[in-house]
Every structure is written in structure tokens, then in C-alpha cells.
Amino acid sequence: MFRNFKLVPNILFGRGCFAQLDQVVAGRRKSGEDWAVFVVDDVFKGKELEKRIPLHDKDFLLWVNVADEPKTGYVDKLTLEAKKFNPTLPCAVIGIGGGSAMDLAKSVSLMLTNEGSSTEYQGWDLIKNPAVWHAAVPTLSGTGAEVSRTAVLTGPEKKLGLNSDYTVFDQVVLDPQLTADVPKAQHFYTGMDCYIHCIESLQGTYINEFSKAYGEKSLDLCRQVFIDNHPDSADKLMMASFFGGMSIAYSQVGACHALSYGLSYVLGTHHGVGCCITFDTLDEYYPDGVREFRAIMEKTGVDIPRGVTKDLTGDQMETMISVALNLDPLWENCLGKDWKAIMTRDKARSLFEKM
């Protein structure tokens with residue numbers, strides 16, 4: 001059987017298109033009582049972007065902190081805040097920020113219509129009810145969160161996404177101007193997240209012409225941004241992020257993302273940083289990609305953290321390994337159906353020890 005997966009149905013792209021967000025959300029407001037939730041990274045508090053958020057009188061501005069990776073407990077807390085603000089369902093949930101803010105917006109839109117804790121829905125296709133209509137406005141490029149069918153969450157027992165067709169955004173607003181002030185290191189880490197998406201997809205056992213078409217174009221755009229220093233790099237990286245997310249939509253990521261989930265679960269390492277730390281150790285699996293990644297790292301002058309696992313306790317290492325090896329589809333994409341015979345606990349430990 002072939003997967004029949006959902007795509008983002010509406011895409012608004014162009015410099016300055018953020019100004020049309022109010023018009024987009026207006027299509028969801030059927031009466032004067034309709035209200036929307038704006039889930040916004042609190043880094044924008046007091047900044048110019050805050051003044052531009054098209055809030056109406058009954059709307060709820062939900063500031064979110066993404067200093068830590070999104071957690072199930074935080075999602076449950078945010079959902080409760082929205083329900084307390086107004087017991088009726090909002091007409092829209094709009095996420096404004098980077099990958100974590102967008103994942104939190106996805107999660108809140110899902111948990112407003114699905115009972116219980118978000119921990120109950122960590123996995124593949126466990127969501128039972130459609131989400132509230134939800135939209136994304138990325139202010140960082142590279143994560144692919146604007147197009148993916150997952151909202152990655154760390155729970156009490158595992159780091160695993162709310163993977164569902166219902167998770168996919170109904171609308172994305174891609175305005176490259178919003179990424180103008182991203183710090184150099186953050187630009188590198190999120191951009192390399194996109195680059196690694198493509199390497200893992202293109203070299204995986206799940207590869208197909210659909211994923212290949214998007215992955216190859218995304219990789220080309222990443223090279224234009226980070227190697228050629230193209231003058232339209234903001235526009236190009238925004239599209240690379242979208243295409244990179246599309247590439248893994250019909251395939252999968254691989255060893256780097258699986259191991260980085262373990263790293264993040266135990267150490268709280270941010271996703272893009274964790275992917276870079278991990279990818280730098282994977283010459284055995286992605287030799288050409290790792291070589292080019294190191295060249296890009298040298299060109300951009302960003303030094304990734306080193307020695308992050310050297311002080312782990314035995315229990316922490318075992319937890320890290322267990323979390324990483326729990327992601328069967330990622331390992332199968334990387335190593336094939338017999339991956340468990342190849343990626344043993346001892347092999348995973350040796351990789352983590354290199355970090």
C-alpha cells in the first residue's frame with residue numbers, strides 16, 4: 001500500500017506577505033464571537049513584530065518560551081490556558097516563530113480537540129479528532145516544521161512527535177523578511193537541520209522520485225546559501241526548508257535524527273545543535289555529506305559543542321541509547337529492514353561516546 005499523505009493546502013510566499021495574515025485569518029471568522037489563538041515565541045515581546053500581529057479584541061495572544069525543547073507537560077499547560085481564556089473552540093491557531101513555536105502551535109491545535117494529555121498521542125497516527133484550523137508563520141528557516149506532519153515533543157518517557165495527517169498546517173505564510181535578524185549561529189544550526197534532512201532522505205532506503213525531487217532541490221538551495229553566499233539567501237533558505245520538509249514527508253530522516261533525539265532527551269540539547277553534534281560523528285554512514293558539512297561549518301565560522309557526553313552516568317547513557325533505538329522507521333530508512341542487527345546498543349554507545 002502507498003501512503004496517501006496530506007500536504008499543506010495553502011501557501012502564501014513573498015517578502016512582506018506577513019501583512020496579509022489578518023486577511024488570511026479573516027476567512028475563518030464567521031461571526032463576531034469567533035476568536036483566534038496566536039502562539040508566539042516570547043523572544044518577540046516588545047519587538048516590532050509584536051506590533052504587527054493582527055490581534056482582534058477577542059483573540060488570545062499566547063506567548064511561549066522555547067529556551068527548552070517543547071515538552072508534553074508544557075503543551076498541556078498551554079492548552080489549559082487557551083481553554084480558560086475561552087471555553088469555546090477558537091476558529092484558528094496561528095504559530096509565529098521557529099520550529100519549536102510552530103510545533104507548540106500544532107500541538108495546541110490538536111489537544112484542543114483531543115481529550116487527555118499530549119503524552120497519550122506521542123507516536124504515529126494516534127490522534128483521533130481533526131485539529132482546530134492552524135497556520136504557521138516561520139521566523140527561522142530550516143526546521144521544516146512548517147510542512148511536516150509531526151510536532152516533536154519530549155515526554156516523561158520518550159522524545160517522539162505527534163505524527164498525524166491532522167498535525168499538518170492548513171496554511172503557511174512564508175515571508176523571508178521575518179528571518180532578517182536571525183543570529184549567525186542559529187542561522188547555521190537551522191540551515192544544517194534542513195541540509196541533514198536532505199542527506200538522510202536522499203541516501204535512505206525509503207527514497208523515491210517524489211522525495212528525491214524535493215530533496216535534491218532543497219540540497220541545491222542549501223549549497224547556494226551556505227557555499228555560494230547567494231544574495232537572495234533568505235528566500236532560498238526558506239524554500240529549502242519547505243522542500244526539505246517535503247522530501248522527508250514521503251520518506252524519512254535517518255541515523256542523525258534518531259541519535260539526536262536521544263541526545264536531546266537526556267541533555268536538553270536544542271534540535272538543530274543536536275543534529276550538528278550528531279552528524280559530525282557519522283562519517284561511516286554519510287561520508288560525503290559529513291565532509292561537506294564540515295566545509296560549511298569552517299566557512300561559516302561556527303564551532304559546534306564538543307565532548308557533550310563525556311560526563312554522562314551509565315544510566316544516562318542507557319537512557320540515551322534506548323530513546324534513539326526506539327525510532328524504528330528512522331533506522332530502517334538508514335540501514336534497511338535488518339537494522340537491529342547492525343545498530344546494536346554497543347554500536348549506538350560508541351557513536352554517542354564520540355560526541
Whether [Y] and [X] form a salt bridge (side-chain N of Lys/Arg under 4.0 Å from carboxylate O of Asp/Glu) is what I want to check.
X: Glu115; Y: Lys128; value: no
X: Lys47; Y: Asp41; value: no
X: Asp22; Y: Arg52; value: no
X: Lys347; Y: Glu284; value: yes
X: Arg28; Y: Asp34; value: no
X: Asp103; Y: Lys106; value: yes

Side chains of [X] and [Y]: do they bring a donor and an acceptor to under 3.5 Å?
X: Thr344; Y: Arg349; answer: no
X: Glu292; Y: Tyr195; answer: yes
X: Ser148; Y: Thr150; answer: no
X: Asp76; Y: Ser118; answer: yes
X: Lys71; Y: Thr154; answer: no

Is it true that, when you exclude [X] itself, more than 12 heavy atoms of the residues, nucleotides or ligands shown sit nearer than 6.0 Å to its [atom1]?
X: Asp228; atom1: CG; answer: yes
X: Lys6; atom1: NZ; answer: yes
X: Lys212; atom1: NZ; answer: no
X: Glu318; atom1: CD; answer: yes

Under a 4.5 Å side-chain heavy-atom rule over Ile, Leu, Val, Met, Phe, Trp and Tyr, are [X] and [Y] clustered together?
X: Phe5; Y: Tyr121; answer: no
X: Val132; Y: Phe169; answer: no
X: Val323; Y: Val308; answer: yes
X: Ile196; Y: Phe242; answer: no
X: Leu21; Y: Val93; answer: no

So that I know where these two stand, are [X] and [Y] an aromatic pair - ring centroids less than 6.0 Å apart?
X: Phe60; Y: Phe38; value: no
X: Phe210; Y: Tyr214; value: yes
X: Phe293; Y: Phe226; value: no

Ring-face cation contact, Phe243 with Lys217, 6.0 Å cut, 45° max: no

Intermediate values then yes/no, salt bridge (charged side-chain N to carboxylate O under 4.0 Å, His left out), Arg291 and Asp288: CA-CA 5 Å; Arg291 191 179 306 114; Asp288 294 338; 2.8 Å; yes

Pair Arg15-Asp235, salt bridge (charged side-chain N to carboxylate O under 4.0 Å, His left out): steps then yes or no: CA-CA 8 Å; Arg15 289 176 172 263; Asp235 304 61; 2.7 Å; yes

Which pairs would a plain distance check flag for residues 83-90, meaning a side-chain donor or acceptor within less than 3.5 Å of a matching protein atom at least two apart in sequence or in another chain?
{"residue": "Asn86", "atom": "OD1", "partner": "Thr88", "partner atom": "N", "Å": "3.0"}
{"residue": "Asn86", "atom": "OD1", "partner": "Thr88", "partner atom": "OG1", "Å": "2.7"}
{"residue": "Thr88", "atom": "OG1", "partner": "Trp35", "partner atom": "NE1", "Å": "3.1"}

Audit row: Ser201, Ser247, side chain to side chain donor-acceptor pair (under 3.5 Å) steps and yes/no: CA-CA 7 Å; Ser201 173; Ser247 180; 2.8 Å; yes

Worked verdict on Asp220 versus Arg223 for salt bridge (charged side-chain N to carboxylate O under 4.0 Å, His left out): CA-CA 5 Å; Asp220 175 57; Arg223 287 167 175 152; over 6 Å; no

Mutual orientation of the aromatic rings belonging to His271 and His257 [parallel < 30°, tilted 30-60°, perpendicular > 60°]: tilted

From CA spacing to verdict: salt bridge (charged side-chain N to carboxylate O under 4.0 Å, His left out), Arg294, Asp280: CA-CA 7 Å; Arg294 288 172 180 159; Asp280 195 44; 2.8 Å; yes

